[in-house]
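Just so you know, ligand 1 is whichever comes first in the structure, and atom 1 is the first atom listed for that ligand.
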Amino acid sequence: MSKVVRLGVNVDHVATLRQARGTVYPDVLEAAMLCVKAGAGGITAHLREDRRHVQDADVYVLKENIGVPLNLEMANEPEIVGIALDLCPPEVCIVPEKREELTTEGGLDAVGNRDTLADTIVAMQAKNIEVSLFIDPDPDQINMASELGAPCIELHTGTYCDSMGDAAVAELERLIRGSELAHELGIKVNAGHGINLDNIDGIMKVPHLDTLNIGHSIICRAVFVGIEGAVAEMQGRMV
Ligand code: PXP
């Protein structure tokens, strides 16, 4: 029997709604707890340097109360690394971050940022934090994750999710090969970005997946079917 893929729900956009009006609602913890009740095996939150959605207090409240592992998405920047080392979430995922971007664009350049990543990975591992690197399905980047001793990668699925026709077929093959390479290297494989109900069937063809981190499409779908319904609906398709 194939292994069940864990769903990690990214709750950033619950915080986006709150920040849009400067209110105290919707409550990010309440949303996360409903996701967990509906079957999410993890909760993800991205503490961006510009704090456009998730705030520092959110990640502390989430970590203490969700009852499943918190995956903190973060840039490899000293201020955020300091917060992560203080918070000690079970998992962190290091992502590239540009202030002007709408959302994370592309994977991390692990090859180009080898030295600074090495320092951060060592510091995180000293605190028993599992580090994942958010990278494109590029063999050079995957090999560098292995060289750096990262126990986990998150494959960037955004390019596949945004493409169609032959380009989508080619990118899905790249994701499959990338996952196979990481698996051979003993690295745990997660994936995420841009996943929705229209592309999940393709994503599920990628082997060796541990976790899919999905945010925007679930929070959007929640407007129509409620957050528990949106989580259950996605999970029902993760087969
Ligand atoms: N994984 C990573 C590393 C991300 O940066 C994001 C976006 O914050 C996601 C997953 C979730 O992407 P989406 O909101 O498109 O589902």
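- Look at Arg174 and Glu180 and you find no salt bridge, because none of the NZ, NE, NH1 or NH2 atoms lies under 4.0 Å from a carboxylate O.
- Near Asp12, the atoms of ligand 1 lying under 4.0 angstrom from a non-hydrogen atom of the residue are 8 (O).
- Taking every non-hydrogen atom of His216 and a distance limit under 4.0 Å, the qualifying atoms of ligand 1 come out as 13 (P), 14 (O), 16 (O).
- Residue Ile218 does not touch ligand 1, judged by heavy-atom distances below 4.0 Å.
- A donor-acceptor contact closer than 3.5 angstrom is absent between the side chains of Ser217 and Asn196.
- For ligand 1, the polar-atom distance check finds an N/O of Gly215 within less than 3.5 Å of one of the ligand's N/O atoms.
- Of the protein's non-hydrogen atoms, Glu154 OE2, 3.3 Å is the one closest to atom 10 (C) of ligand 1.
- The residues Glu147 and Arg114 are annotated as salt-bridged, a charged nitrogen and a carboxylate oxygen being separated by less than 4.0 angstrom.
- For Glu73, a nitrogen or oxygen atom sits less than 3.5 Å from a nitrogen or oxygen atom of ligand 1, counting backbone and side chain alike.
- For ligand 1, the atoms closer than 4.0 angstrom to any heavy atom of Asn213 are 10 (C), 11 (C).
- No continuous path of hydrophobic side-chain contacts links Val95 to Ile43 [ILVMFWY only; heavy atoms under 4.5 Å].
- There is no side-chain donor-acceptor pair under 3.5 Å between Glu154 and His193.
- Counting all heavy atoms, side chain and backbone alike, Met204 lies closest to Arg237 at CG-O, 3.9 Å.
- Less than 4.0 angstrom separates some heavy atom of Ile214 from each of these atoms of ligand 1: 16 (O).
- For ligand 1 and Val95, the ligand atoms under 4.0 Å from any heavy atom of the residue are 3 (C).
- For ligand 1, the polar-atom distance check finds no N/O of His13 at less than 3.5 Å from any of the ligand's N/O atoms.
- Under the 3.5 Å distance criterion, the side-chain polar atoms of Asn143 are matched with a main-chain donor or acceptor of Pro139.
- Here Lys63 does not pair with Asp58 in a salt bridge; the nearest charged N to carboxylate O distance is not below 4.0 Å.
- Residue nearest to atom 15 (O) of ligand 1, selected from Gly194, Gly192, Gly158, Cys93: Gly194 (by heavy-atom distance).
- In this structure, the protein non-hydrogen atom closest to atom 12 (O) of ligand 1 is His193 CA, 3.5 Å.
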